[in-house]
Every structure is written in C-alpha cells, then in structure tokens.
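Comments concern the structure below.
Computation of the quantities below employed the complete heavy-atom set of this structure, encompassing side-chain atoms and omitting hydrogens, waters and symmetry-equivalent molecules.
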Amino acid sequence: MKKSLKIFIILALSFSMVYAQKKAVAPPTPIPLPSDSVQAGRGQSQKVDIKDSQLDLPDVLILGQDKSKRTITDKQDATQAPPSLLKVEKTYEPVSIWFTREAVKPEIEKKSQINNRLSWGQLSGGGYTTLSANAGHWQKYSGGDWGLHGWINRSSGQYENSRYLIGAIAGETSIAPAPHITASLKAEYNLNQKGLFNALNSNNFERKINTICFGSELIYDLPGSSNALLGFDVNKTGLKSDTTSQFEKRDNFWYNLYFNYSKTFPVVKVTASGRYIRETSSFGADSADIKDSFGEAGLEIQSQIYSKMIVAAGAGYQVNTTGSVTNESLLSPYMKLNFMPDRRLGLSLRYQSGLTYKTFSERLVENPFLFYSVPLTVEKEKHAVLFNIDFEPVSKLKINAGIKHRIMDNLTFWESDSTTQLVRLNFMQNPELTDISFGIHLRVSEQTQVQVNYIHLIDKIDKNKTLTNYDKIPYRPEYRIPVNATIELLKGTFLLIDADFYGPRMSRLDSGEDLPAFTLVNAGLKQNFGKINALVSVRNIFDSEYTLWKYFPGMGIHIIVGISAKF
C-alpha cells in the first residue's frame, strides 16, 4: 500500500503539472546535456558525451508524411560507458548482434550547422562528500573536427561499500581526406575504484579497475548508392585489489576488427558485415593465459515492398572458441518487418537467433562487483521473437507497447557468492525469458515532458537442469517502473523527477526472493541563466533502503547542488 501510494503521488504530480503547462509552451531549445538533469545523479554518474541525447526513441522505423527518417549507423563505439547499476535489466535484453546493430538509438548530430565549436562544463557536490565534475570541448577545423572531454564522480558514501571514485578522459578526431571518405580516431582512459567492505573477508577491501581503449574507423559513403565501414577497437583492462589473493589480480586484453558494406539497387539493398574478436585473459602472475576468439560474417537483403512496409532477411555464420574447452560454429538466421499503415502507427516484428559474445572487460563495465569465473560461456539464443507497436494518437502523446520472447540454449546470469560476497557469472541451459512493456511519453514542449514505462519480466527455468525449485533468474526483477519528468514551472525554472520502482529479486537460484522491492526517487530544481544552469537535487528523497547487488547497499537521502554551462 505504501509503495502504491508513492507511485500514485509521483505520477499524479508529474502529469498534473504537465497539463498545467499546456497554455504556456516555451519556444524549443537545444537538447540539454546529461549534466543538466538529475539523470546524472543515479548512484554512479553517467559519462557526459556531446552526442548523448538522453532520448528513448522507439525501435520502429518511422517514415511519416514529412518524409523524415532516422539514420541508424552501423559503427561500433570504441569507448565504454561507466557502470550504471540501475540498468540491471540490460543484462538479459536481446543482445544478438543482428538485433543490436539495428536497435542502436540514432545519434543526435553533434556537428552544429550554425556553430563551429561548443564547450561545456559541470560541477556539483553535496552529501557524503559527493563530488561530480565534467568538462569538454568540440570544434570543427578545416576538413574535420575534434573533441576532448573528461569527467569524475566520487563519494565517501553512507556505507563502507558506497565509497567510489570513477572517472575518464576521452578524445576523438575525424577528417575527410577525400570526397565521401571520413576517417576517425578515438581513445579513452577509465578508472573505477570501489571500497567493498567485508568482501573476500576483508575489512578494507578496495578494488581498482583501469581501462585503456582506442579505435579507428574508415567510412566511405556515396549517398543513394553504397557505403562501407572498416574499423578496429583495442582494449586493455587491469583489475587489482589490496588483498593478497591471486584471484583478484587479472589482466584482460582484446581487439575487435569489423566491417560493413551496403549496396543499394533499384529494388533491394544488400549488406555484408562481419567482425573478429580475440581476447587474452591472465589470472595472476603464476597462471597461464586463456585465449578466446569469436568471429562472424553475415549477409542481409532488405526491400521496401511498398511505401509503408520494409522487409529484411539475413543470416550470419558464427564461430566461437573458448580456451581449450569449447569450439562451436552456428548459422544464425533472422528476419525483420517494419510496417507503417498510418502516419501515427508503426509496427515492428523480428525473429532472430545466434551466439552472443562478451569480453570480461565488458562484463566489468556492467558490474564492477564481478568476481571472475572461467571459462566465460558464450550465450546461445535458439529462437527469439520481438514485436513492438508505436502509436501517436495526438501530436503530443506517444504510446509504445512490446513483447520479447526468447528461448535460450544457454544464458549467462549474475549470482551472488556468499563466500566472497561478490557477484559471480554463472550459466544455465534452456531458460525462456519474456518481457512485456508498455510506455507513454507526453511531450508538451521541448522543456516539459513526462515518460513512464512499465516492464513486466517472466522467466521459465528448466528445473531439472538447474536443480532448483525457483522459477526466477537472479537479479532479474519481477517488474520495473521507470519514470522521468522535466516540467517547466516558470520561464527558465524546471522541476526534474527521476524515479525507479524495482520489483523483488533473487540473488541466487537457491535463495528465493531475498532482495525486496524498493522505490528510488530523485527530484530537483534547475534554473536557467542563459548559458549557465544552477541545479539543486535531492537524491533518494524517501530515504529508501535499497540494494541493487546483495551485500552492497545504496546510499540514503542526500542533497546535491551544482552549476553547468554551455558556450
């Protein structure tokens, strides 16, 4: 009853204030940087990038009567986002490369047609000696552009487990050496340091993760005819701690080579793509290196049957080698259908299958509390069907609904370890996962918007193979209700609400629902002074006791104040 009341209060406040703004719609302004909202205050700070739009765009390809379209790029970003613990459900989303490549959100074009440069900065601090700062600069030059940005986020935390220091510095540059050809180079250094009280039976256990990565791309684009992309990523990650245990010292190195080529004919578009990943992992000074590899090559044919329907079909041949333990090859077919019977209605239907490979350093980004286990098993998706509907009944309201059903041969999942109090990677055979989602996005203006989503998660586990009586995958909640609202109270004064209602979860297959549901709400006020914004926010305003990962509780209520600027 108490949780339902919190949900009702937040939703009622958001929608009532939005409707109160309908008569005074402010002129549109550029999309704010992530540092301009309390989005950046969710426990671990989000990396600031000038091209990060913070928009949750639907998956359906909208063509519309205005002939506008989205450009979904195939390029892979060499930089890695910092950990975001409130994104646990990402672990079990469809991640077949054939789906992911098309599901990447379109980028907001960072190259302004008006300005040749842009600088930004943000500084905030508050309770538990929390400090957050970021700054960056981007500008054009003759034949290209360059950008450099850095950020840091630290806190002493309410609990010993909440101590952290996270930061990064990244740069990128691009140049057009010839017509229709663009070359780019980017590099990044990440530091992730955490205090993990009581982990590994230590009263002063501290983990440090250092990552150096860089990449390059060469793009050829002849509009309306063909385009090609060739690139590579290189990543070096070191994990160390102040414990003497050799199991907490690890180095991980991998490189990724990839390409994509598309040719447009009068009736169809043909795309060929592929990649090869080579990973080497070391476990302490006296251990032997483990070498893994993953390669795939695919072909896709896409056709616009008529103005309202696009159909695509393809297949990839995938090969995976995990140390000396497994060697597997697989043909992974997929199909896609995008249909828009009306300018306000879009439907998307997909079928997919195949292997999914993640490096150890990528898993550390998802979960810095990870305790390694070897060998890391590749995920195998036997069959998956995804259906999505986008509906816009009126110009200011968008409704989205979808269902994803996945039948897995093998699934990697998180599981807490009672001995180390860290989180291990484990795997199970033959699970089925179903995600049902419904969302609404009310947009009165660029400044006044509310977005609410409900996600219901259903699992089916082969109990004979997992030897458990439970039917829920650890760390996969029964439901989630994320709420985001930006409301202009007065000219230049904004109310920001960022809430997440999390359902109960298991931490182990044999433990039942030992992590209770919780409500986490951040609220703040932002005042615009031209190019400068002032922000005060209250994080965890209900002082909820919540735990995203067992043994590592989140912080209670605290206040953050700060300023940000763009010029």
Side-chain angles (χ1 to χ4, degrees), residues 2-4 7 42-44 83-95 159 161-162 196 198-200 356 358 363-364 366-373 376-377 379-381 404-437 453-482 500-520 544-554:
K2 187 177 180 181
K3 178 183 66 180
S4 300
I7 298 175
R42 284 182 160 189
Q44 313 297 339
S84 178
L85 298 185
L86 276 177
K87 300 297 183 183
V88 180
E89 85 286 354
K90 292 286 188 182
T91 305
Y92 304 113
E93 285 188 344
V95 285
Y159 310 100
N161 295 328
S162 300
L196 305 180
N198 283 336
L200 293 180
T356 299
K358 284 188 178 181
R363 295 186 184 278
L364 275 176
E366 294 178 335
N367 186 349
F369 303 99
L370 181 64
F371 186 82
Y372 81 84
S373 57
L376 295 178
T377 305
E379 290 188 350
K380 186 176 181 180
E381 190 174 56
K404 300 180 288 190
H405 182 68
R406 307 175 67 201
I407 302 175
M408 308 291 292
D409 276 346
N410 186 53
L411 173 70
T412 302
F413 66 95
W414 309 108
E415 188 169 41
S416 288
D417 183 81
S418 57
T419 303
T420 64
Q421 296 193 354
L422 294 171
V423 181
R424 289 183 178 269
L425 282 173
N426 209 336
F427 68 93
M428 68 173 67
Q429 295 178 329
N430 304 324
E432 296 185 22
L433 291 73
T434 303
D435 299 3
I436 302 172
S437 62
N453 294 279
Y454 176 80
I455 307 161
H456 190 74
L457 309 174
I458 304 171
D459 303 336
K460 182 179 179 182
I461 297 175
D462 189 336
K463 297 179 180 179
N464 293 326
K465 291 186 178 293
T466 56
L467 302 178
T468 179
N469 293 322
Y470 302 106
D471 57 359
K472 198 68 183 171
I473 296 173
Y475 287 110
R476 192 169 138 92
E478 292 184 4
Y479 63 85
R480 276 195 67 203
I481 310 176
D500 214 320
F501 304 92
Y502 237 80
R505 294 146 294 139
M506 296 167 50
S507 65
R508 295 181 52 84
L509 274 178
D510 57 3
S511 64
E513 294 177 355
D514 59 352
L515 293 176
F518 66 86
T519 301
L520 184 62
S544 300
E545 295 183 3
Y546 70 97
T547 301
L548 292 168
W549 305 100
K550 191 174 183 180
Y551 308 116
F552 307 111

Any salt bridge between Arg406 and Glu381, counting N to O under 4.0 Å? yes

Partners meeting side-chain contact (heavy atoms from CB on, under 4.5 Å) with Asp514 (sequence neighbours left out): Ser507, Ser511, Lys550

Before you tell me yes or no, could you show the steps for Gln429 and Asp409 under side-chain contact (heavy atoms from CB on, under 4.5 Å), namely the whole-Å CA-CA distance, both residues' side-chain angles and the distance that decides it to 0.1 Å? CA-CA 5 Å; Gln429 295 178 329; Asp409 276 346; over 6 Å; no

Leu515 vs Pro504 side-chain heavy atoms within contact, under 4.5 Å: no

Tell me whether Glu415 contacts the main-chain N or O of Asn426 through its side chain, where contact means a donor paired with an acceptor under 3.5 Å. no

Spacing of Lys404 atom NZ and Ile436 atom CD1 [to the nearest 0.5 Å]: 11.5 Å

Once rounded to the nearest 0.5 Å, what's the spacing between atom CG of Leu422 and atom CG of Asp417? 7.5 Å

For residues Phe552 and Phe369, establish whether the separation of their ring centroids is below 6.0 Å. yes

Taking the side chain from Arg505 and the backbone from Leu548, do they hold a donor-acceptor pair closer than 3.5 Å? yes

How many angstroms lie between atom CG of Asn367 and atom CH2 of Trp414, to the nearest 0.5 angstrom? 4.5 Å

Name the orientation class of the two ring planes belonging to Tyr475 and Trp549 (parallel below 30°, tilted from 30 to 60°, perpendicular beyond 60°). tilted

Would you compute the distance between atom CD1 of Ile455 and atom CD of Glu478 and round it to the nearest 0.5 angstrom? 14.0 Å

With sequence neighbours left out, what residues match Gln421 under side-chain contact (heavy atoms from CB on, under 4.5 Å)? Asn198, Tyr551

Residues in side-chain hydrogen bond (donor to acceptor under 3.5 Å, both in side chains) contact with Ser162, at least two apart in sequence or another chain: none

So, using side-chain hydrogen bond (donor to acceptor under 3.5 Å, both in side chains) as the criterion, who are the partners of Asp459 when residues are at least two apart? Arg476

Can you measure from CD (Glu379) to CG (Asn410) and round to the nearest 0.5 angstrom? 7.0 Å

Would you say Glu432 and Met408 make side-chain contact, with heavy atoms under 4.5 Å? no

Could I get the full list of side-chain hydrogen bond (donor to acceptor under 3.5 Å, both in side chains) partners for Asp510, not counting sequence neighbours? Arg508

Step-by-step side-chain contact (heavy atoms from CB on, under 4.5 Å) determination, Met428 to Phe413: CA-CA 8 Å; Met428 68 173 67; Phe413 66 95; 3.7 Å; yes

In the structure I gave you, are the side-chain heavy atoms of Ile461 and Leu509 within less than 4.5 Å of one another anywhere? yes

Going by heavy atoms in the side chains, are Leu433 and Ile473 under 4.5 Å from each other? yes

Identify the heavy atoms of Leu196 and Asn161 that sit nearest to each other, and give their distance. C-OD1, 3.5 Å

Those residues that, when tested against Lys472, pass side-chain hydrogen bond (donor to acceptor under 3.5 Å, both in side chains) (two or more places apart): none

I'd like to check Tyr470 versus Met506 (side-chain heavy atoms, cut-off strictly below 4.5 Å). Are they in contact? yes

Gap between atom OG of Ser544 and atom OH of Tyr502 - 0.5 Å precision: 14.0 Å

